[in-house]
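Working notes for the structure below.
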Amino acid sequence: MEAFHLLSRGGAKFDKQRFKSDVSLFTGNGTKESKCSTFAHAPEGELPPELDFFKYAQGGNTKRKVLDAEVDPKGKRRKVEDGSEDEEANGEQAGDDPPMPRHRVTTKGKNVPEHVETFDALRERYSLSSQLLQNLAHHGYKRPTGIQSYGIPILMEQRDLAAISPTGTGKTLSYLLPVMAALGTPAGSSKGDSGSGVRAVILAPTRELAHQIHNECLKLAQGRKWRIVLFSKATASTLVDKKVREKIDLIISTPLRLVASLQAGNLELDNVRHLVLDEADRMLDAEFMEQVQEVIAACTHPEVQKAVFSATLPANAEKVAMSMLRDPIRVVVGLKDTPLPLIAQSLTYVSDDQSKLPTLLQYLSQPYNPPVLVFVSSQPRANSLAEELVISGVANVDCLHAGMTKKEREDAISRMRRGDSWVMISTEVMARGMDFKGVREVINYDFPQSVQSYVHRIGRTGRAGREGKAITYFTNQDAPFLKTIANVLLQSGSTVPEWILKLPKPSKMKRREMGKIKRAEAVNNARRIGRGDAIKRREMIAGSKRRKEKEQQRKEKQAAASPSGDDADGES
DNA sequence: AAAAAAC
């Protein structure tokens with residue numbers, strides 16, 4: 001603690017030996033089993049007073065806004081309770097899932113189909129193959145979540161849908177089930193009556209998310225002969241053969257990949273009947289917009305059903321989304337742009353960028369629930385923070401950003417899924433959609449750039465009814481945006497020190513100015529987190545190269561020993 | 001408002 005105290009003042013040397021012993025103490029006993037029983041216990045309590053702004057405010061009343069449950073039932077708007085009376089879990093692992101929280105559901109639109117209480121009710125109402133229901137049961141889906149019980153009937157009745165539902169509440173299944181139900185006979189089969197070529201397209205903003213959706217898809221598709229393709233460079237190259245493309249039933253892809261194939265003339269989407277945009281607001285960002293429009297334009301079938309899903313949907317994005325849809329129904333579960341109350345959120349003051357590393361090291365020197373997901377604002381910062389943590393002796397540090405190779409990214413994800421990663425440093429690439437069941441702690445090392453980013457980042461925890469914890473570091477430079485995020489905490493039932501709420505809302509001019517300063521500093525700091533130096537960095541890189549080579553050799557040996565390839569997550 | 005991500 002003393003060492004940390006000195007460190008936090010900046011100049012003092014870090015007592016690495018001592019710190020290491022702390023770390024090994026914690027790494028030695030199986031931290032995976034250690035339960036974080038008291039979320040109320042904030043790490044800020046451990047901070048030296050000069051870093052602990054909470055302390056000044058504590059004792060005073062922290063304010064908690066009571067959620068307003070009333071919404072004016074205007075026009076066609078309906079207000080209903082999430083059907084699940086039974087406190088049954090909806091997660092993917094059968095048995096030990098906590099109950100899903102109940103949310104209010106509001107629907108808007110013409111002739112909204114009645115929601116269902118159970119998956120069996122779907123079977124009674126629509127022709128749903130028993131295989132599909134069997135697969136659901138087999139993978140531990142028991143009762144539909146709010147978005148599933150409302151969204152699935154809407155999509156089953158061929159309606160367009162804009163669905164807004166909090167992170168970790170089962171949006172993926174909400175669109176996959178109806179799409180799979182509609183696929184019917186596999187493409188190219190002699191009995192087929194639905195024309196030839198791809199019949200469904202699902203777009204996601206990152207490769208990792210597309211991959212995850214593909215995996216979910218394969219679970220549901222067990223026992224059926226559909227060709228479900230996770231689109232990549234490799235699969236795209238097989239499409240040169242027209243016979244191959246005609247046999248594809250469903251494509252899951254990132255937009256640009258798909259556009260590239262369209263422009264190369266290696267793909268037709270004229271028989272697509274279902275188009276889903278996951279993380280819709282992200283997909284309708286300026287940078288993705290054009291690509292998405294191109295995909296939409298290529299889906300020329302007159303009966304193409306479109307659906308958009310997200311946990312957040314800012315007004316302008318919603319406008320764009322609604323204008324794309326035909327006679328749409330809008331479903332909102334819970335409160336838009338609001339995290340789950342299950343996630344215990346807190347804000348930690350760290351004065352400036354240099355103070356972040358010691359604060360994080362201090363945090364990781366105490367027992368925590370791995371894996372912890374740490375978000376930073378840029379790729380170089382992700383690299384250097386990961387290096388710093390390794391140098392400081394933190395165990396099982398991983399890093400993931402889009403500057404890494406495909407294989408590096410895939411490896412990082414599988415380490416994460418296996419539970420081998422204890423501290424995962426990542427950029428926005430991981431902020432949306434990724435579902436790691438074990439993540440119970442998220443740290444925003446760098447302040448999020450928007451409310452949407454905040455909501456999605458912390459939504460990596462608190463999934464499928466589990467509890468989670470989210471800590472956000474803020475510096476003096478983040479002050480102009482602090483209040484906005486503080487309000488999000490309040491909305492979702494977390495507490496915020498009163499002094500933050502009393503901050504005046506800075507004028508637009510001021511925010512712009514501060515933003516400029518912040519950006520300039522970010523550039524300066526981009527390649528320097530804490531006290532790293534070039535030599536250490538070179539050693540690190542050399543070390544990781546050696547490790548990679550060894551791993552490669554081991555894999556080659558393995559491959560030689562067992563000729564059967566792994567097609568667990570391959571492209572079908 | 002800006003970075004990241006998409007190929």
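For a distance-only test at 3.5 Å, the side chain of A:R282 qualifies as a donor-acceptor partner of the base of B:dA5.
As a whole-Å value, the separation of A:D478 CG from B:dA2 C1' is 13 Å. Atom NZ of A:K406 is separated from atom P of B:dA5 by 17 Å (rounded to the nearest Å). Nucleotide B:dA5 holds its C1' atom 15 Å from the CG atom of A:D278, rounded to whole Å. One atom, CE of A:M289, and another, C1' of B:dA5, lie 17 Å apart when rounded to the nearest Å. Distance A:F481 CZ to B:dA3 C1': 13 Å, rounded to the nearest Å. Remark: P of B:dA3 and CD of A:E428 are 12 Å apart, rounded to the nearest angstrom. The separation between A:E294 atom CD and B:dC7 atom C1' is 13 Å, rounded to whole Å. Across the protein-nucleic acid pair, A:L400 atom CG and B:dA5 atom P stand 8 Å apart, rounded to whole Å.
With respect to A:K219 and A:E216, a salt bridge is recorded, a charged nitrogen being found less than 4.0 Å from a carboxylate O. A salt bridge does not link A:D411 to A:R409: none of the charged side-chain nitrogens sits closer than 4.0 Å to a carboxylate oxygen. One finds a salt bridge joining A:D435 and A:R463 here, because a Lys/Arg side-chain nitrogen approaches an Asp/Glu carboxylate oxygen to under 4.0 Å. Salt bridge status for A:R415 with A:D398: present, with a side-chain N to carboxylate O gap under 4.0 Å.
Among the heavy atoms of the strands lying under 4.0 Å from A:Q291 is at least one base atom, whether or not backbone atoms are also near. Residue A:S453 is out of contact with every strand shown, counting any heavy-atom pair closer than 4.0 Å. Across all strands shown, A:P255 has no heavy atoms under 4.0 Å from either base or sugar-phosphate atoms. Within 4.0 Å of A:R409, counting heavy atoms only, lie sugar-phosphate atoms of the nucleic acid but no base atom.
Note: A:Y349 and A:F474 meet the aromatic proximity criterion, with ring centroids under 6.0 Å apart.
Remark: A:S377 is not in phosphate contact with B:dA2, judged by side-chain N or O atoms under 4.0 Å from OP1 or OP2. Residue A:T427 places at least one side-chain N or O closer than 4.0 Å to OP1 or OP2 of B:dA5. For A:R432, no side-chain nitrogen or oxygen approaches OP1 or OP2 of B:dA5 to under 4.0 Å.
Side-chain proximity of A:L256 to the nucleotides B:dA5, B:dA3, B:dC7 is greatest for B:dC7. Nearest to the side-chain atoms of A:R257 among the listed nucleotides B:dC7, B:dA6, B:dA5 stands B:dC7.
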